[in-house]
4 protein chains.
Amino acid sequence: MSAPKKVVLAYSGGLDTSIILKWLQTEYGCEVVTFTADLGQGEELEPARQKAELLGINPDNIYIEDIREEFVRDFVFPMFRANAVYEGLYLLGTSIARPLISKRLIEIAEATGADAVAHGATGKGNDQVRFELAAYALNPDIKVIAPWREWDLSSRTKLLEFAEQHQIPIAKDKRGEAPFSVDANLLHTSSEGKVLEDPAIDAPDYVYQRTVAPEDAPETPEFIEVTFEKGDAVAINGEAMSPATILTKLNELGGKHGIGRLDFVENRFVGMKSRGIYETPGGTVLLEAHRGIEQITLDSGAGHLKDSLMPRYAELIYNGFWYSPEREMLQAAIDKSQENVTGTVKLKLYKGSATCVGRWSDHSLYSEAHVTFEEDAGAYDQKDAAGFIQLNALRLKLLAARNKRVSDK
Amino acid sequence: MSAPKKVVLAYSGGLDTSIILKWLQTEYGCEVVTFTADLGQGEELEPARQKAELLGINPDNIYIEDIREEFVRDFVFPMFRANAVYEGLYLLGTSIARPLISKRLIEIAEATGADAVAHGATGKGNDQVRFELAAYALNPDIKVIAPWREWDLSSRTKLLEFAEQHQIPIAKDKRGEAPFSVDANLLHTSSEGKVLEDPAIDAPDYVYQRTVAPEDAPETPEFIEVTFEKGDAVAINGEAMSPATILTKLNELGGKHGIGRLDFVENRFVGMKSRGIYETPGGTVLLEAHRGIEQITLDSGAGHLKDSLMPRYAELIYNGFWYSPEREMLQAAIDKSQENVTGTVKLKLYKGSATCVGRWSDHSLYSEAHVTFEEDAGAYDQKDAAGFIQLNALRLKLLAARNKRVSDK
Amino acid sequence: MSAPKKVVLAYSGGLDTSIILKWLQTEYGCEVVTFTADLGQGEELEPARQKAELLGINPDNIYIEDIREEFVRDFVFPMFRANAVYEGLYLLGTSIARPLISKRLIEIAEATGADAVAHGATGKGNDQVRFELAAYALNPDIKVIAPWREWDLSSRTKLLEFAEQHQIPIAKDKRGEAPFSVDANLLHTSSEGKVLEDPAIDAPDYVYQRTVAPEDAPETPEFIEVTFEKGDAVAINGEAMSPATILTKLNELGGKHGIGRLDFVENRFVGMKSRGIYETPGGTVLLEAHRGIEQITLDSGAGHLKDSLMPRYAELIYNGFWYSPEREMLQAAIDKSQENVTGTVKLKLYKGSATCVGRWSDHSLYSEAHVTFEEDAGAYDQKDAAGFIQLNALRLKLLAARNKRVSDK
Amino acid sequence: MSAPKKVVLAYSGGLDTSIILKWLQTEYGCEVVTFTADLGQGEELEPARQKAELLGINPDNIYIEDIREEFVRDFVFPMFRANAVYEGLYLLGTSIARPLISKRLIEIAEATGADAVAHGATGKGNDQVRFELAAYALNPDIKVIAPWREWDLSSRTKLLEFAEQHQIPIAKDKRGEAPFSVDANLLHTSSEGKVLEDPAIDAPDYVYQRTVAPEDAPETPEFIEVTFEKGDAVAINGEAMSPATILTKLNELGGKHGIGRLDFVENRFVGMKSRGIYETPGGTVLLEAHRGIEQITLDSGAGHLKDSLMPRYAELIYNGFWYSPEREMLQAAIDKSQENVTGTVKLKLYKGSATCVGRWSDHSLYSEAHVTFEEDAGAYDQKDAAGFIQLNALRLKLLAARNKRVSDK
């Protein structure tokens, strides 16, 4: 790989990416463009602009954007149509944000004539893979720079030395090492490392940032209604809202009731197990709601196919293959299934749990006429079941007869 | 089908199966053998004996058995090795009991020289399918009688008339119609029908029988430890117990904390949707515990394969194909994966939720040396990730280049 | 089911469906509409018109249509995009024709105000299921009449008696029983029953109708080129043709070279095994060609996903679920994958085999620069493979270390 | 990785692995153990011994073994139980040999106290991955040396110079470059590279080594019978044979009739497409035979599950994950299905094709009584089909009614 001339850096404004910014300038002597996005992580963006300017970035090269609506509409919602969970439990909050960041990095590279992009993910995690697979899928000629895999700033001390050498301001609370590492966006907060590294030991309370403890949640349940159209949430309690507004509102509701905490050991794509604490309050409520509306609007054949495809779909997102033909194929299948996933569910939020307690829809497939214990006026002929069972049993009978015949010999 | 001569009836001792008993005698003039099992449904069995005798059954033809250990060891536990859930949420509590009942019906038929078995399931539900597929798979020559599909006792009034005509005692509380229908065993209680038929309306409180409402559960969490060997729970808080004892204990713990309630609309195998209220306190705790121990002891390749097979496995059990070659094939794969699923998890039980907060094992695959944010002493070379990403990206790059080439034309 | 008033009958003009026509008139006293389609079965249609008129059908109620183009374009080609084969070998020639026939039956019923449709499939086979599931999926209120499941004309003698009673002309060669049963359309000819019922015995030569024996095929190979656009064949040897014309031409070529014979024992949806002889000359060539063009134009992720979905897709078509949400979901995924399956393959046809011997495309993903044994000018860095292998191996190493640790105890 | 002290080299005796041998000695100064296996590649092994001695290997360090029986019994046959084909067509002849070679390398390393193994696969192909994943899975502490990824002998000229420098004898025909590269074992011969690199151009005749051209095969078909027990071939034409003997015999028969040639473009695990010419005469016959015996002995539920698992199984073998938990899980499922795959098939071999024309077994599930067009004496009640269809149609009817209701609004 030849040296990059102009690099678009995913820049948070924090100490680590500021060091990367400076390292790119000094190591490669290249022009740096910064991209700072509001994905709902809950931080002000303007300080990042000031810091970038302080580090010598040309104001034209500073990109600061609120991409929360795009994030929820084009990434979070399509994923929730699939009821995607990784390894049974994880709602993929970090995984789903990476492809969008890469997409904007590549677009800004094209707009600014940059030949490279850079990110601050380490060489041990999944995020490097997600950033880079997305980048290469969108521009096969782009260079990707991952300083953590290249430089020799392998300890906290060396990093701080480098920062001091290059007049990078160091916030007081960054002098010491954080007791764990955090990633956040509108869908979730994840925490891992350090005090969380022993999976036998409970996570300390101070790790949680977005949800109250169930013990501290209100003593009385709260009931809400979520309305869906074609698989996407469009209203809460009858009030129509944009995608990001809905997720923000569900985060407030879920967080208040202690919903969406997960203590989890997962398998990273790069081969080792890691332990994370995830908080996905709104997403957890949304998944329960989506399952609820699918219960009455989705056909069993469609639903069972979706269920069987989901683990692969979730794995693709986890592993960083959002921009892959197979993810797009699965999305086409999933989206096809959602055409009538329209209606409203009622949820109970209480002390850590979101549970669906009612659902209704003009698109419902539920037929009280068929299922009723009462007289059904001929909707269903119970005698049909005899034939149904006989033909389903036929192969089992032939098997049993064969096995008896063979074992009798 | 020629008329049966001797029938083994799955007999609860209740009004409905007593009517069936008498109907079999009068309709077919055949000898009836009764089979009443303790599957943990929480009812005394001796009254069933007395009632059978009262209805003229020869004492030699009355089979009353406690099969709880067999139920948990050979049916519930194998199923939980798979983390089986139907349509994302249902723990298959009714489904898994049916094949065992059929197995005993067939064995008793062979022991008593009966040529038929009979059950009290209706023609609208899944249970008829489960009973009959299992029966035919175990004895292809058996006759199966499903009175609900045959007789003309199509209303409560007609049933009561028939009972009175034949001197079948009717308990006072059975005169009126029950407001919903119940099935119970050691794994769960299910309720459906009548007041539950509108899926938009919350289930009334009196439906729940095995769990307290989360609101009424203790104000302080309870922490327990569950130990597994080869995928099966073997001890609680360090105390070794038999399978049925463990599930009983987990039911107590879960029920006390309001865990395992499910309000659910599902797709029946016979084609319509139905709404059920399920209470699976012990099973819900067990599933969370099993997932927790798998997190550290199961390899990702094995785990992801399991996840992708699970929906099909669950569907097979739901549909009544326990005794089918494909269920046995899947079981062989699942059991193979569980050889090292051995260790202990710590769970928090609180107000409706069971959450894993710690797990440890001599069989752990978790390697702090590899995952640590600290110096890893060479356990993992971050530079390897670059090659890993490049080769995973190669096909995506070739795709992107092709797509650009084609669209540029 | 109340008695039908007006029935649309899938009418071939042959003896069996003529008997059905008359039986519908006499049994139900209902008006009959006939539908006779040219699906490429190789029979004249006008005699069917004359025969229907002779049997008293109002000329306005006689529908005769050439639907070969619709058949290939909307049914055969979408299926071949999936490389669908049932149970490893069967190209689904009968299965794929049934939904189209049902679609036209339902459309004609709506056009003529008929309340029922009827078909001539027996109660043992798959075709009844395919006809009826398609009909119900397109019109849930339609009545379907399957005379073979209803009447008591259970022997050849009774059928002929009925025909004579009702002045139905009986061709001389229909007096005796055919030695086997045949179904044909543009995709294939299938033969089954009678002389073919023992799967141990070779099918006699006279069964084959559309292909020469490989032994009688030309002594020299023939090479052809087939061109695809978005997964569908559009030209042979550079000559653009309509879908049905292409399949007709491939049938000629395949049939001449003895290609596409299959002696097969399959599992019917209704539960038993049956043995069939299939001749699919053009389809066999088309499948080989489609695989050939996918080899260079389809990405591995997309291809492997397609391969894993194919068995389920084929099973759905075989079982009659063409008009089901899950088939449509799979089709959406498959069609998504075909957007760049454009290019040309060269095939060798010789003595029973069609083999791809060359393929080229502007949409090719094959990169000689990457794969070459020669200098690759930096296209691929072999050192990347080391990292790729290390990370893929990591979980296997951790497993091996764990297993050793556990077994050493 | 610290320098290796003693290396077990997969040694063919050819020029390339002789250069590797010498390079290991000179580069690392380490002791070399050679392992030369007869896997059925059709070469004498004793010249490898002499050459190793000539290159200074201690006779105690020369391992020469005939492992053909182990190869077929423990690797080829288990794979054929699955009907494994990669990307629809490739019988995995190279892939399946690699794990066995690695297994012996690791065993010899343990026996000789070696700390490393080495192989001659390049950094562009799949074989490096297969060798190394297997090695690490069997011994997580082993070092693996892949000289082609390390050295700078990047051209033919440099290799020959190195050989001359180190007195490695160079056969005359090795002076020039081979026009393509070959791998062979008892299952297949593969050829790739150089003259085969353009996938549009037919492979020249001289590439084929193990099969005659179909044009040159005998003019008359040959019929053979293959007998299976539990999924494995055990006899040909009634004569019992060992696994390797059977495959050898099938190779002779298939090769004589021009069977098993494949011109193929495949997706390598390392990310690019490559074109290969495969000859798998015996394997092609065996696959057809195995499918034939499964047709009558395998239940449809088992068969369809196998079909759906097969692509993943084949991909695992192709990618080098033979020794992985998920391959072993799938094998457990597959082996479970084969318990009654016992019986005999009759095959026709003619001009490039092997076709099953008959099959019989004491374990057959085929029931002429059920399938017959004749009177079936009550084996099957056609009226059952009506109920079967009604219940399968129910959800489709509810869907159609819903869709009509929604679109009418």
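Throughout, a chain's letter reflects where its sequence line sits, starting with A, and its residues are numbered from 1. Keep in mind it's a predicted model, so treat the numbers as computed, not measured.
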- [ ] Please say which of Arg81(B), Lys230(B), Lys306(B), Arg359(B) ends up in a salt bridge (charged side-chain N to carboxylate O under 4.0 Å, His left out) with Glu294(B).
- [x] Lys306(B)
Task: Pick from Met329(B), Arg327(B), Met272(B) with the largest number of heavy-atom pairs that fall under 4.5 Å of chain D - done: Met329(B)
Task: Glu315(B) side, atom CD; Glu326(B) side, atom CD - distance, nearest 0.5 Å - done: 10.0 Å
Task: Contact class of Lys273(D) relative to chain B, heavy atoms under 4.5 angstrom - done: neither
Open item on the list: Run the ring-ring contact (aromatic ring centres under 6.0 Å, His included) test on Phe131(D) and His119(D) for me, step by step, so that the C-alpha distance in whole Å, both residues' side-chain angles and the decisive distance to 0.1 Å come before the verdict.
Closed with: CA-CA 8 Å; Phe131(D) 279 127; His119(D) 64 76; 5.1 Å; yes
Task: Interchain contact, Ser300(D) with chain B, by part (heavy-atom threshold 4.5 Å) - done: neither
TODO: Please answer whether the main-chain N or O of Ala369(B) pairs with a side-chain N or O of Thr372(B) as donor and acceptor at a distance below 3.5 Å.
DONE: no
Task: Under 4.5 Å from any heavy atom of chain D - which part of Leu309(B) - done: side chain
TODO: Against chain D, work out which of Ala393(B), Ser337(B), Gly378(B) has the most heavy-atom pairs shorter than 4.5 Å and name it.
DONE: Ser337(B)
TODO: Applying side-chain hydrogen bond (donor to acceptor under 3.5 Å, both in side chains), run through His363(B) and Glu339(B) and close with a yes or a no.
DONE: CA-CA 10 Å; His363(B) 298 245; Glu339(B) 290 172 358; over 6 Å; no
Open item on the list: I'd like to know which of Gln331(D), Gln390(D), Arg395(D), Lys336(D) tops the heavy-atom pair count under 4.5 Å against chain B.
Closed with: Lys336(D)
